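From a predicted model like this one, the values you see are computed outputs, not experimental measurements.
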Amino acid sequence: MGRDVPALTFTREDRRRYRIKMQECLETFARMLRESRFEAERPQVGLEIELNLVDDRAEPVMRNTEALEAIADPAWATELGRFNLEINIPPRRLTAGGPDSWESEIRDALNHAEERARSVGARLIMTGVLPTLRQEDVGEGALSENPRYRLLNDQIFAARGEDLHIEVTGVDRLRTYADTITPEAACTSTQFHLQVSPEEFAAYWNAAQAIAGVQVALAANSPFLFGKELWHETRIPLFEQATDTRPQEIKVQGVRPRVWFGERWITSVFDLFEENLRYFPALLPLCDDQDPAETLERGDIPELGELTLHNGTIYRWNRPVYAVAQDKPHVRVENRVLPAGPTVADTLANGAFYYGLTRALVEEDRPVWSRMSFSAAEDNLRTAARYGIDARLYWPGMGEVPASELVLRRLLPLAHRGLERSGMDGAWREPLLGVIEQRCVTGRNGAVWQKEMFHHIEASAHCGRHEALRRMTQQYIDYMHLNAPVHTWPVD
């Protein structure tokens with residue numbers, strides 16, 4: 001939900017008009033799919049990274065407005081919390097520019113932003129959940145100034161009718177309540193975009209769903225929240241709970257959550273947008289002036305504003321996206337399961353694994369989703385979020401196996417094959433997927449390093465928990481800037 005919205009209240013008439021416009025958008029979208037009016041000849045990939053802002057002591061700092069003004073780059077935007085920023089890396093062809101061009105572009109953008117943010121007393125850190133974040137840091141005052149966040153907050157609580165209940169049990173147990181959605185701001189992610197043709201969308205979405213648990217197991221980086229050691233990827237349950245519009249009575253009736261894995265394999269991108277309208281009431285019923293059917297009839301491309309705004313308030317772990325770029329419509333899969341960080345090198349390795357593996361799975365004669373239940377894929381995601389790289393995951397033909405074994409024996413060769421078919425030669429593939437291989441061999445990802453380093457500091461320095469988390473986070477930032485993959489980070 002990236003657009004700005006005005007601060008206002010909604011009437012029943014607003015909601016009725018919005019429902020009608022969404023249906024008109026859906027019907028127009030269906031016609032566009034039938035008539036093949038989509039850009040698919042030069043598919044591109046894209047990347048968004050959400051970051052936290054901290055001070056020199058690695059404590060959260062509420063200065064995203066000042067940092068954004070200092071950075072002065074339209075690629076950067078605010079996020080939900082005043083201690084968050086987001087960068088949108090321009091879309092590109094996967095193999096454009098050679099093996100180092102994308103990494104250089106991202107690092108240059110982050111280094112520039114870091115330099116400018118430091119002028120206003122802030123530093124950037126890429127991590128799934130900021131380890132030094134305390135519960136008092138996510139009160140109402142931490143909401144970003146943009147009115148869309150206040151409006152979204154008000155609408156979620158109007159739908160719930162009661163405070164949010166957040167409960168996660170891992171090594172420690174967190175049980176708390178919140179009267180704003182600001183705890184969601186603790187969740188900072190990496191989002192990979194993959195433009196595909198409408199005809200191939202269902203296969204790519206199904207493939208992304210099938211490997212979501214594997215992705216999280218490999219890249220978990222969120223073991224701490226509010227001073228407690230919880231899941232390896234605590235961001236997953238926190239995000240689910242911090243945006244839940246359902247009180248308990250509605251949950252037991254089977255109403256779908258706004259943060260949603262889904263419930264079935266699909267046969268068309270239309271299935272997902274249709275589900276959006278069928279299952280989810282509008283949070284932000286804002287209508288624009290465009291008539292989508294009339295716009296299409298005269299030969300122009302409709303924005304489908306109501307359809308896309310509604311889609312932006314439904315947080316699927318793999319989200320369908322409709323967009324218009326350079327006067328041409330396209331659809332893409334937005335992969336949202338991964339945390340931010342630890343480094344750009346790790347991020348690009350995660351991307352290479354995702355892009356290569358999904359392509360290989362799509363091109364298999366017998367797709368994995370025809371041999372695997374949807375519930376097994378969902379169970380894999382939850383298991384991976386809890387246990388990280390130590391998780392045991394189900395895969396057809398192998399049964400339940402350690403995540404590292406599954407990747408090394410079955411999935412890494414597929415990722416190589418998919419990247420090769422995308423035109424990426426071995427000199428580029430090997431370093432990227434070699435990072436994934438070494439994570440599996442060493443059993444070390446961001447979550448493992450954070451946990452080990454925290455316990456080492458706590459034991460050796462004989463300090464309190466928050467001080468150990470603070471020192472660990474400072475060390476994390478230093479290593480992050482070196483850009484060595486996290487499996488190489490020492491614990492000392």
Please determine whether the number of non-hydrogen atoms from other residues, nucleotides or ligands lying under 6.0 Å from atom [atom1] of [X] exceeds 12.
X	atom1	value
Gln253	CD	yes
Glu364	CD	yes
Lys251	NZ	yes

Donor-acceptor contact below 3.5 Å, side chain [X] vs main chain [Y]:
X	Y	answer
Asn483	Thr343	no
Ser144	Gly81	yes
His310	Tyr18	no
Arg37	Pro329	no
Asn84	Asn64	no
Ser222	Thr234	no
Arg417	Gly356	no
Asn311	Pro320	yes
Arg82	Glu145	no

Side chains of [X] and [Y]: donor-acceptor distance under 3.5 Å anywhere?
X	Y	value
Asn350	Gln215	no
Asp271	Thr267	yes
Asn52	Thr188	yes
Glu48	His193	yes
Glu263	Tyr279	yes
Thr383	Arg392	no

Does a side-chain heavy-atom distance below 4.5 Å link [X] with [Y]?
X	Y	value
Leu151	Arg148	no
Trp449	Met472	yes
Gln241	Val168	yes
Val407	Phe353	yes
Val333	Tyr354	yes
Leu230	Phe224	no
Leu238	Trp231	no
His232	Lys451	yes

List the atom of [X], the atom of [Y], and the distance in Å for their closest heavy-atom pair.
X	Y	result
Trp205	Arg264	CZ3-O, 3.6 Å
Asn445	Ala217	ND2-O, 3.1 Å
Ala210	Met372	O-CE, 4.1 Å
Ala391	Ala384	CB-CA, 3.9 Å
Leu110	Trp76	CD2-CH2, 3.7 Å
Ala484	Asp346	O-OD2, 4.4 Å

- [ ] Applying salt bridge (charged side-chain N to carboxylate O under 4.0 Å, His left out), run through Arg150 and Glu140 and close with a yes or a no.
- [x] CA-CA 9 Å; Arg150 172 68 57 189; Glu140 184 174 357; 2.8 Å; yes
- [ ] Could you tell me if the ring centre of His330 sits under 6.0 Å from that of Phe38?
- [x]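 No.
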Task: Centroid-centroid under 6.0 Å between Trp265 and Phe374 rings - done: yes
Under 4.0 Å between a Lys/Arg side-chain N and an Asp/Glu carboxylate O for [X] and [Y]?
X	Y	value
Glu114	Arg107	no
Arg92	Glu105	yes
Glu167	Arg173	yes

TODO: Could you give me the CA-CA distance, side-chain angles and deciding distance for Arg382 and Glu240, then say whether salt bridge (charged side-chain N to carboxylate O under 4.0 Å, His left out) is met?
DONE: CA-CA 11 Å; Arg382 187 147 297 270; Glu240 290 173 344; 2.6 Å; yes
Task: Residue pair Ile301, Lys328: steps toward the side chain to side chain contact (heavy atoms under 4.5 Å, CB included) verdict - done: CA-CA 7 Å; Ile301 304 301; Lys328 293 182 178 180; over 6 Å; no
TODO: Hey, can you tell me if Tyr322 and Phe29 have their rings parallel, tilted or perpendicular (30° and 60° cut-offs)?
DONE: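 Rings of Tyr322 and Phe29: perpendicular, as their planes differ by over 60°.
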